[in-house]
Amino acid sequence: MAEKLPTCGQLERNLSQQILTFYRERLGHKPSKIICQLFEQRATIIIEDSLTPAEQLLAKDGQQELAQDVRSCLDELTKPQITQLIEATLEVKVIDLLSDATLETGRTGMIVILETSPRIRNPEGRSAKSQLQEG
């Protein structure tokens, strides 16, 4: 029996759900929205309302530098776990994970460089989609 591969959209939704679960379970915070997009050997992840309540409190109280330090520490601590989560979900090795958060917007962005493209159903459709979004 042939292996049924997921579509690009299914992988993107699954990765979004896995990251949401990670934030909720590990950081005690539920972001309002997570958007993942795959582009051949790359992925982008945007996390809306990614700041924890403690970071929000510090930022609102004029402690932006301390809030940024807390965010930087959390990013460093969670980076290996997020990398493992991405590798398990996409079944592809992560070569690099770049991440940054903006206190003013509460948004976190990630760029993921993958060793190979994830195996998906109808990869030709993904290439066309990627070209439209990149162009």
Side-chain angles (χ1 to χ4, degrees):
M1 187 165 141
E3 174 186 14
K4 182 168 176 160
L5 296 174
T7 65
C8 185
Q10 288 170 329
L11 265 185
E12 290 168 342
R13 281 187 299 280
N14 189 18
L15 184 55
S16 294
Q17 291 168 348
Q18 294 297 322
I19 292 170
L20 183 66
T21 299
F22 175 84
Y23 262 74
R24 190 178 62 243
E25 291 177 357
R26 299 295 302 201
L27 300 177
H29 176 66
K30 184 180 177 188
S32 64
K33 187 175 188 179
I34 299 177
I35 303 163
C36 296
Q37 291 189 308
L38 298 172
F39 308 93
E40 283 113 32
Q41 290 176 250
R42 300 174 307 279
T44 59
I45 302 166
I46 299 169
I47 306 171
E48 300 282 348
D49 301 316
S50 65
L51 301 180
T52 64
E55 293 167 293
Q56 292 172 24
L57 181 63
L58 288 169
K60 286 179 185 171
D61 194 39
Q63 300 290 324
Q64 283 82 7
E65 190 174 325
L66 182 55
Q68 190 62 52
D69 289 345
V70 169
R71 171 50 45 180
S72 294
C73 287
L74 285 174
D75 281 347
E76 285 304 310
L77 289 170
T78 60
K79 189 175 182 176
Q81 297 166 31
I82 296 269
T83 298
Q84 288 177 345
L85 183 147
I86 294 168
E87 289 178 342
T89 303
L90 301 181
E91 298 180 355
V92 175
K93 181 175 176 26
V94 171
I95 295 173
D96 205 359
L97 173 62
L98 310 164
S99 176
D100 196 16
T102 305
L103 293 177
E104 293 79 22
T105 64
R107 206 172 275 127
T108 295
M110 296 180 188
I111 299 171
V112 184
I113 310 299
L114 305 168
E115 186 174 68
T116 61
S117 297
R119 294 183 60 215
I120 61 167
R121 189 172 2 136
N122 189 16
E124 296 80 23
R126 179 179 68 177
S127 296
K129 176 183 169 186
S130 295
Q131 290 171 2
L132 288 172
Q133 291 178 355
E134 291 173 352

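Legend: residues meeting side chain to side chain donor-acceptor pair (under 3.5 Å) with Arg119, ordered by chain and number and at least two apart, are Glu3. Remark: Asp49 engages Ser32 in a side chain to side chain donor-acceptor pair (under 3.5 Å) (not counting sequence neighbours).
The CD atom of Gln18 sits 11.0 Å away from the CG atom of Leu11 when rounded to the nearest 0.5 Å. Once rounded to the nearest 0.5 Å, the distance linking CD1 of Ile34 with CD1 of Ile47 reads 5.0 Å. Atom OG1 of Thr7 and atom CD1 of Ile120 lie 7.5 Å apart (nearest 0.5 Å).
In terms of hydrophobic clustering, with Ile, Leu, Val, Met, Phe, Trp and Tyr side chains grouped at heavy-atom distances under 4.5 Å, Leu15 and Ile46 are assigned to different clusters. Under the 4.5 Å side-chain heavy-atom criterion for ILVMFWY residues, no single connected hydrophobic cluster contains both Leu51 and Leu27. Linking Ile, Leu, Val, Met, Phe, Trp and Tyr residues whenever their side-chain heavy atoms come within less than 4.5 Å places Tyr23 and Leu74 in a single cluster.
For the side-chain hydrogen bond (donor to acceptor under 3.5 Å, both in side chains) condition, the pairs that include at least one residue of residues 62-71, sequence neighbours left out, are Glu55-Arg71, Arg71-Asp75. Pairs of residues two or more places apart, or lying in two chains, never qualify as salt bridge (Lys or Arg N to Asp or Glu O under 4.0 Å) while including a residue from residues 23-36.
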Side chains of residues 80-104: which donor-acceptor pairs under 3.5 Å do they make with residues two or more places apart or in other chains?
residue, atom, partner, partner atom, Å
Thr83, OG1, Lys79, O, 2.8
Glu87, OE2, Val94, N, 2.8
Thr89, OG1, Leu85, O, 2.8

Distance-only criterion, 3.5 Å: show the donor-acceptor pairs between side-chain atoms of residues 106-115 and protein atoms not counting sequence neighbours.
residue, atom, partner, partner atom, Å
Arg107, NE, Glu48, OE1, 3.0
Arg107, NE, Glu48, OE2, 3.1
Arg107, NH2, Glu48, OE1, 3.3
Thr108, OG1, Ser50, OG, 2.5

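In terms of heavy-atom proximity, Ser16 sits nearest to Cys36 at OG-SG, 3.2 Å. Nearest heavy-atom pair, Glu12 versus Gln37, reported as atom, atom and distance to 0.1 Å: OE2-CA, 3.3 Å.
His29 contributes no side-chain N or O that, together with a main-chain N or O of Pro53, makes up a donor-acceptor pair within less than 3.5 Å.
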